[in-house]
Amino acid sequence: MPDRNRAEDETKQLRGMAEDAREDAAALAAERDALRAELGRRTGQLREAEDRLRRREAAGGAARPAPPRRALGVPRQGKNPDATAEELRGAIEELLALAASLETSNAALSRANAVLERRVAERTAELAALNGQLRDSEERLHLAQRYAGAGTWDWDIRNNTVEWSQEYFDLYGLDPARTLPSREAWLAAIAAEDRASTAAALEDCLRRRDPDFRVEYRIRHPRRGERWLSGRGRLVCDEAGNPVRLIGLNLDITDRKRAELAILDANESLRREVEQEAKAREAAQARLFQTLKLEALGQLTGGVAHDFNNLLSVITNGVGLLKRNPETPRRGRLLDAMEQAAHRGADLTRRLLSFARRQALRPEPLDLRAWLEDMRELLSRTLRADIAIEIAAPDDVWWPRVDPGELELAVLNLGVNARDAMPRGGTLRLCATNVELDALTDPDRLGGPFIRLAVQDTGTGMGPDVLARAFEPFFSTKDVGQGTGLGLAQVYGFARQSGGSARVSSRIGEGTTVILLLPRAQPTGMPLPPRPVVEETVDLAPLRLLLVEDDDAVAELTAETLRHLGHGVSRVASAAAALRALADGLAVDMVLSDVVMAGGQDGLDLAQTLRAERPGLPVLLYSGYGGAPARVAAAGLPLLRKPYSLEELRRALGTALQQPRQPAPVGQ
């Protein structure tokens with residue numbers, strides 16, 4: 001490229017010098033012609049004077065033998081001889097002066113001719129040398145264009161005329177004898193997929209008066225196939241700023257473009273391989289983590305069984321005492337103990353499911369500032385009076401998208417841990433802030449907007465060894481029977497399952513800070529849904545219920561509970577039996593079914609069948625299986641989680657009645 005530019009500059013200089021030499025030669029020729037004309041005029045005057053002199057001499061000899069003559073005129077009649085002689089002397093002097101002037105002119109002309117001939121010879125030699133250099137420069141330019149794959153073009157915008165170099169024709173594979181250079185011919189030679197964008201780039205250059213024109217496009221060469229060209233041009237405008245000329249060249253960049261495309265393909269392939277490797281690594285890590293959890297469960301089965309046996313002992317012993325003496329004075333305390341044991345068992349089960357990440361979450365946008373104020377009251381009832389609770393959340397804190405119930409459980413777990421770490425009292429601080437994370441630098445590769453919820457205490461803190469195992473399931477520094485070691489594991493599992501993460505920092509004697517990173521619900525400025533309002537439960541009118549339960553003991557207790565609420569109950573043991581009963585004409589207002597049942601059809605299959613066949617019949621599903629909520633939520637059906645209280649059952653029935661009926665999907 002530099003050689004071609006240098007050759008073009010040399011060619012321009014040589015052409016200028018040749019033009020100057022031509023102008024000098026023309027000026028010298030004009031000067032020579034002027035001198036020749038002057039010499040001819042003077043010679044004519046001399047000959048005219050000589051002719052007059054001869055005529056006078058001839059006329060005087062015929063009249064007198066030796067009269068005086070005038071050199072330049074005939075003497076008048078009647079003049080004296082002295083006057084005639086005087087005229088003759090004057091004519092001779094004039095003739096001698098003219099001859100001297102003519103001789104001087106001839107000498108000057110001779111010198112001018114000599115100088116002119118020398119200068120013409122020099123200029124002719126110089127012009128020949130310049131022409132030789134010009135030919136060499138043009139040959140070098142053509143050679144550089146040919147080997148560089150470049151072709152020049154010149155567009156006269158005012159006259160709409162275009163000139164292409166021979167290399168330009170070769171570059172496009174066009175025949176100069178058949179193709180007339182024009183803007184239309186240029187666009188026609190461009191590949192169809194790039195034609196519109198290239199024409200738009202040219203129009204944009206003319207509209208913006210951009211002096212540098214750059215564009216890349218493809219052509220279909222008749223012999224070499226698809227080629228990539230790069231156009232580079234310079235726009236020339238007049239004094240008013242109107243485009244008048246666009247000159248430039250085209251370069252063949254096929255090799256570079258193919259290399260770039262190959263690199264892009266390689267990068268894309270590498271990206272896919274990295275994604276696949278990352279997915280495989282995540283899957284392997286998940287399997288490893290699940291294996292570690294199973295190993296931990298296996299190692300601590302005895303401890304978990306011990307906790308459940310304690311709870312079951314309270315329930316079974318209480319039931320035995322009530323059976324023996326239903327009216328015992330301790331009846332109220334026994335029932336409270338049994339209920340507390342049942343709640344503890346349900347809480348332990350929920351923690352185990354959350355730790356195993358089988359508990360389905362129901363994320364929704366949450367007003368965090370209002371929620372923190374509610375948590376202040378809940379924590380104040382849960383913690384001791386010597387622990388101060390502080391809440392800090394700016395007005396512009398974002399709404400996270402989380403399961404409010406699970407977030408409440410996570411913060412309660414952290415509050416209980418903080419309470420145990422502050423035996424002499426202290427401060428529990430909950431602080432919410434907005435953060436933007438970078439996936440390239442974040443340890444968990446989280447990127448985007450998150451809410452940072454920090455739970456900080458002023459307790460005893462943890463040492464490095466304990467801190468390293470803080471989120472490890474079943475790891476606990478508490479005495480046997482005082483903790484399961486699932487609190488922080490539940491917090492971590494909830495945060496990860498919600499799309500965020502949990503982190504902990506601590507020092508001995510300086511307290512502990514647990515940070516929850518929660519994903520943002522929606523960008524700022526978009527409307528957020530209001531917090532769901534829990535309406536007060538109203539008494540329902542008696543309903544005719546079809547209970548589908550394969551466990552006889554559960555079915556009997558559930559039916560008795562429903563009858564206690566004032567409803568009529570018919571019970572079947574399978575989904576197929578429920579469909580047969582309805583087909584036989586059993587009239588019911590709602591179907592209440594367990595999700596997990598034997599027999600090939602479970603409760604979800606039954607609900608979907610009823611949605612297709614009886615879209616107006618409400619269905620309420622209940623389950624204690626950890627995998628059921630996700631399937632039920634995906635189907636858009638209400639779910640009652642076991643174990644449940646009487647009031648929870650009452651509210652679930654009301655919710656199922658208010659559930660909008662949806663038409664069955666086509667083909668279902």
Side-chain angles (χ1 to χ4, degrees), residues 1-12 14-15 18-19 131-207 210-236 243-262:
M1 192 69 179
D3 293 339
R4 185 169 63 255
N5 293 337
R6 186 167 56 253
E8 291 179 352
D9 294 339
E10 292 178 356
T11 301
K12 292 180 180 178
L14 291 174
R15 286 174 177 170
E19 188 65 25
N131 287 331
Q133 294 180 12
L134 179 60
R135 286 193 299 271
D136 294 341
S137 177
E138 289 178 346
E139 291 178 0
R140 289 197 301 269
L141 177 60
H142 290 306
L143 187 64
Q145 291 182 9
R146 185 177 301 110
Y147 284 100
T152 58
W153 42 268
D154 189 340
W155 179 26
D156 186 342
I157 300 176
R158 285 180 173 174
N159 300 320
N160 195 24
T161 57
V162 180
E163 294 182 3
W164 294 343
S165 67
Q166 180 59 44
E167 290 76 19
Y168 186 98
F169 285 96
D170 297 341
L171 191 64
Y172 283 79
L174 300 176
D175 185 358
R178 298 182 179 181
T179 304
L180 179 65
S182 66
R183 175 182 177 182
E184 291 72 20
W186 167 63
L187 290 174
I190 299 174
E193 54 267 35
D194 296 339
R195 192 172 299 150
S197 60
T198 305
L202 177 60
E203 293 297 331
D204 185 65
C205 173
L206 297 177
R207 184 179 62 257
D210 189 354
D212 293 323
F213 173 63
R214 294 174 178 267
V215 68
E216 293 181 358
Y217 51 84
R218 285 165 289 183
I219 64 170
R220 300 287 187 270
H221 196 281
R223 296 181 302 278
R224 305 172 65 189
E226 182 181 271
R227 309 297 293 178
W228 276 93
L229 300 184
S230 173
R232 298 291 184 269
R234 171 68 66 176
L235 180 65
V236 180
V244 296
R245 189 182 183 192
L246 183 62
I247 57 176
L249 56 83
N250 284 358
L251 296 174
D252 190 330
I253 59 170
T254 304
D255 294 338
R256 175 175 67 81
K257 203 67 179 181
R258 287 175 178 173
E260 291 178 357
L261 296 176

When rounded to the nearest 0.5 angstrom, what is the spacing between [atom1] in [X] and [atom2] in [Y]?
X	Y	atom1	atom2	answer
Arg232	Ile247	CZ	CD1	15.5 Å
Trp155	Trp186	CH2	CH2	8.0 Å
Arg245	Leu235	CZ	CG	11.5 Å
Leu229	Leu249	CG	CG	11.0 Å
Thr198	Tyr217	OG1	OH	7.0 Å

Over 12 non-hydrogen atoms of neighbours within 6.0 angstrom of [atom1] in [X]:
X	atom1	result
Glu260	CD	yes
Arg195	CZ	yes
Arg214	CZ	no

With Asp252, the side-chain contact (heavy atoms from CB on, under 4.5 Å) member among Asp255, Thr254, Asn250: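 Among Asp255, Thr254, Asn250, the one that satisfies the side-chain contact (heavy atoms from CB on, under 4.5 Å) with Asp252 is Thr254.
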
Identified side-chain contact (heavy atoms from CB on, under 4.5 Å) counterpart of Trp228 within the set Ile219, Ile253, Leu251: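 Among Ile219, Ile253, Leu251, the one meeting side-chain contact (heavy atoms from CB on, under 4.5 Å) with Trp228 is Ile253.
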
Shortest non-hydrogen contact from Asp170 toward His221: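 Nearest heavy atoms, Asp170 then His221: O-NE2, 3.4 Å.
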
Minimum heavy-atom distance between Pro222 and Gly173, given as atom pair plus value: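 Looking at all heavy atoms of both residues, the shortest contact is CG-O, 3.4 Å.
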
Steps toward side chain to side chain contact (heavy atoms under 4.5 Å, CB included) verdict (Leu202, Leu246): CA-CA 10 Å; Leu202 177 60; Leu246 183 62; 3.8 Å; yes

Salt-bridge criterion met for Arg220 and Glu193 (N-O under 4.0 Å):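 Yes.
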
Working for side chain to side chain contact (heavy atoms under 4.5 Å, CB included), residues Asp175 and Phe169: CA-CA 7 Å; Asp175 185 358; Phe169 285 96; over 6 Å; no

Sub-4.5 Å side-chain heavy-atom contact between Arg218 and Lys257: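 Not touching, per the 4.5 Å side-chain cut-off.
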
ring-ring contact (aromatic ring centres under 6.0 Å, His included) against Tyr172, all qualifying residues, sequence neighbours excluded: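 Scan of Tyr172 (ring-ring contact (aromatic ring centres under 6.0 Å, His included), adjacent residues dropped) gives Tyr168.
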
Ala185: partners by side chain to side chain contact (heavy atoms under 4.5 Å, CB included), with sequence neighbours left out: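 If we apply the side chain to side chain contact (heavy atoms under 4.5 Å, CB included) test to Ala185, skipping adjacent residues, the hits are Trp164, Thr179, Ser182.
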
Salt bridge (charged side-chain N to carboxylate O under 4.0 Å, His left out) involving Glu203 - partner list, sequence neighbours excluded: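 Expected list: Arg183.
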
